[in-house]
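Below is one structure, written out as structure tokens, with a few remarks after it.
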Amino acid sequence: SDRQVGFLIFCTIVGFGIMRLPKDAVEAACTGAWIPMVINTIISIIIGYMFVYLGLTFEGKTIEQYSEKIVGKLASKIIMFLFIIYYFSFIIIDIRLLAADIKFDFLINTPLWALALLFNFLIFYVIYKKLNVIAMLCELYGVIIIIGLTITIILIFSEGKLVNIRPFFNIEDISKYIKATPSLLTAFSGVEILAIIPLYKNSNNNRKNNKKVFNYVVKILVIIGFIYIFTVEATLSVVGENSLIILEDTVLSTIRRIEIPFLDFLQRIDGLVFSIYLLGVITTTIIMGYAAIYFACKLFKIPDNKYGIF
């Protein structure tokens, strides 16, 4: 459904990077980090519109099919090969870093290879179930992640100080904001997943109804933009600019610093936040794993994605 397309995009984008995003954003643009975030949100909406337009123009086709008509067979194969490298690189990095996070924060005595192997089995088992199951999973997990991140942001902001996020804008730093925009655009990596989702026009070819999928894409990207901006501002309001840039896993580090009286019964609130983060990373890796296998099957003419997994 159109809604599931939106949640597929959300779960692809909001994954591993959100824990380190505040540090990267503040390092690049200081307290004006929200400005490149707004710019990147707009850029991602434009990219999303391009993929939706292509998907509806070439109805029911995906990028490896319509790219042949646009740029030719050779260029189409090169595009697929680059996508394979791109997605497999993300899978390897995400699984390795997630396993390291769990080991050093919670399961110190567990071998790193055992955690990585466990996540590999879990991720490829879900990929084996194909895109419809992945979409339904993202629809469920996406709602949980949005609610969980919203609560986390509110809790952090409740202990923050307004003075730490000032100045909101410094005219002398305009060049810094512009330079920061490309480096922070990677936080929105994932909108290109639309390339492998076949889109269909309304049966009556009603333009208003055909815009529904684009509306879902825009809404979900705006939600992601707000989540990113408020996550950066919330962590900045608690620890300040100078302290933030030396922290790793800034969201977790920040939640461990604050004391919330009415949540004293939760001895490890950071564990709940990490669980939400874990859902995000797993869904991101599942979708990117599916995309990598999808392109590999198309490029090497493997008839079924299930065989491509092996």
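Everything numeric in this text was worked out from a predicted model, so none of it was measured.
With hydrophobic clusters built from ILVMFWY side chains whose heavy atoms lie under 4.5 angstrom apart, I171 shares a cluster with V38. A chain of hydrophobic side-chain contacts below 4.5 Å, direct or via other Ile, Leu, Val, Met, Phe, Trp or Tyr residues, connects V52 to I197. Each of F157 and V163 belongs to its own hydrophobic cluster when Ile, Leu, Val, Met, Phe, Trp and Tyr are linked at side-chain heavy-atom distances under 4.5 angstrom. Transitive grouping of hydrophobic side chains (ILVMFWY, heavy atoms separated by less than 4.5 Å) keeps I92 and L118 in distinct clusters. Note: the hydrophobic cluster containing F168 also contains M37 (ILVMFWY, side chain heavy atoms under 4.5 Å, direct or indirect links).
Atom OG1 of T186 is separated from atom CG of D24 by 7.5 Å, given to the nearest 0.5 angstrom. To the nearest 0.5 Å, the span separating CD1 on I35 from CD1 on I174 amounts to 8.0 Å. To the nearest 0.5 Å, atom OG1 of residue T152 and atom CD1 of residue I147 are 11.5 Å apart. If you take CG on L236 and CD1 on I156, they are separated by 11.5 Å, rounding to the nearest 0.5 Å. Interatomic distance, I134 CD1 to T12 OG1, rounded to the nearest 0.5 Å: 9.5 Å. Note: Y290 OH to L8 CG = 10.0 Å, rounded to the nearest 0.5 Å.
In this structure, I293 and C297 have side chains that are in contact, with non-hydrogen atoms separated by less than 4.5 Å. The shortest side-chain heavy-atom distance between E192 and Y87 falls under the 4.5 Å cut-off. Two residues are said to be in side-chain contact when any heavy atoms from C-beta on lie closer than 4.5 Å; Y141 and I276 fail this criterion. Using a 4.5 Å heavy-atom cutoff, the side chains of I286 and L137 are in contact. Side-chain atoms of P22 and T231, non-hydrogen and from C-beta on, do get closer than 4.5 Å to each other. In this structure, the side chains of I13 and I193 stay at 4.5 Å or more apart for every pair of heavy atoms. Within the 4.5 Å cutoff, side-chain heavy atoms of C138 are placed close to those of I287. Between K77 and E68, every side-chain heavy-atom pair lies at or beyond the 4.5 Å cut-off.
When all heavy atoms of I91 and G289 are compared, the pair lying nearest together is CD1-CA, 3.2 Å. Nearest heavy atom pair, residue F51 against residue A195, reads CE2-CB, 3.6 Å. Residues P36 and G32 come closest through the heavy atom pair CD-O, 3.3 Å. Between K176 and A28 the shortest heavy-atom distance is CG-O, 3.1 Å. What you find for V217 and G48 is that their closest heavy atoms are CG1-CA, 4.3 Å.
Ring geometry for F230 versus F226: interplanar angle under 30°, hence parallel rather than tilted (30 to 60°). Using cut-offs of 30° and 60° for the angle between ring planes, the F83 and Y86 rings count as perpendicular.
Every residue two or more places apart in sequence or in another chain that forms a side-chain hydrogen bond (donor to acceptor under 3.5 Å, both in side chains) with S76 is listed here: S67. Residues satisfying the side chain to side chain contact (heavy atoms under 4.5 Å, CB included) criterion with L140, sequence neighbours excluded, are I144.
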Derivation and outcome, side chain to side chain donor-acceptor pair (under 3.5 Å), residues Y294 and T62: CA-CA 11 Å; Y294 176 88; T62 50; 2.5 Å; yes
Intermediate values then yes/no, ring pair (Phe, Tyr, Trp, His ring centres under 6.0 Å), F188 and Y228: CA-CA 10 Å; F188 289 86; Y228 278 174; 5.2 Å; yes
Side chain to side chain contact (heavy atoms under 4.5 Å, CB included) evaluation trace for I227 with F10: CA-CA 11 Å; I227 287 174; F10 178 86; 3.9 Å; yes
Full working for side chain to side chain contact (heavy atoms under 4.5 Å, CB included) between F90 and T284: CA-CA 9 Å; F90 262 105; T284 296; 5.9 Å; no
Steps toward side chain to side chain contact (heavy atoms under 4.5 Å, CB included) verdict (M288, F88): CA-CA 8 Å; M288 290 194 167; F88 267 120; over 6 Å; no
Chi angles and distances behind the side chain to side chain contact (heavy atoms under 4.5 Å, CB included) call for I78, V71: CA-CA 11 Å; I78 292 172; V71 296; over 6 Å; no
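With hydrogens and angles disregarded, no donor-acceptor distance shorter than 3.5 Å links the side chain of E27 to the backbone of A25. Using modelled atom types, no side-chain atom of N40 and backbone atom of P182 make a donor-acceptor pair closer than 3.5 Å. Proximity of a side-chain donor or acceptor of W34 to a complementary backbone N or O of E233 within less than 3.5 Å is not detected.
The stretch residues 136-150 participates, sequence neighbours left out, in these salt bridge (Lys or Arg N to Asp or Glu O under 4.0 Å) pairs: R3-E139.
Partner of I45 under the side-chain contact (heavy atoms from CB on, under 4.5 Å) criterion, chosen from I220, V218, V191: V218. Partner of S44 under the side-chain contact (heavy atoms from CB on, under 4.5 Å) criterion, chosen from I39, L221, V222, I9: L221.
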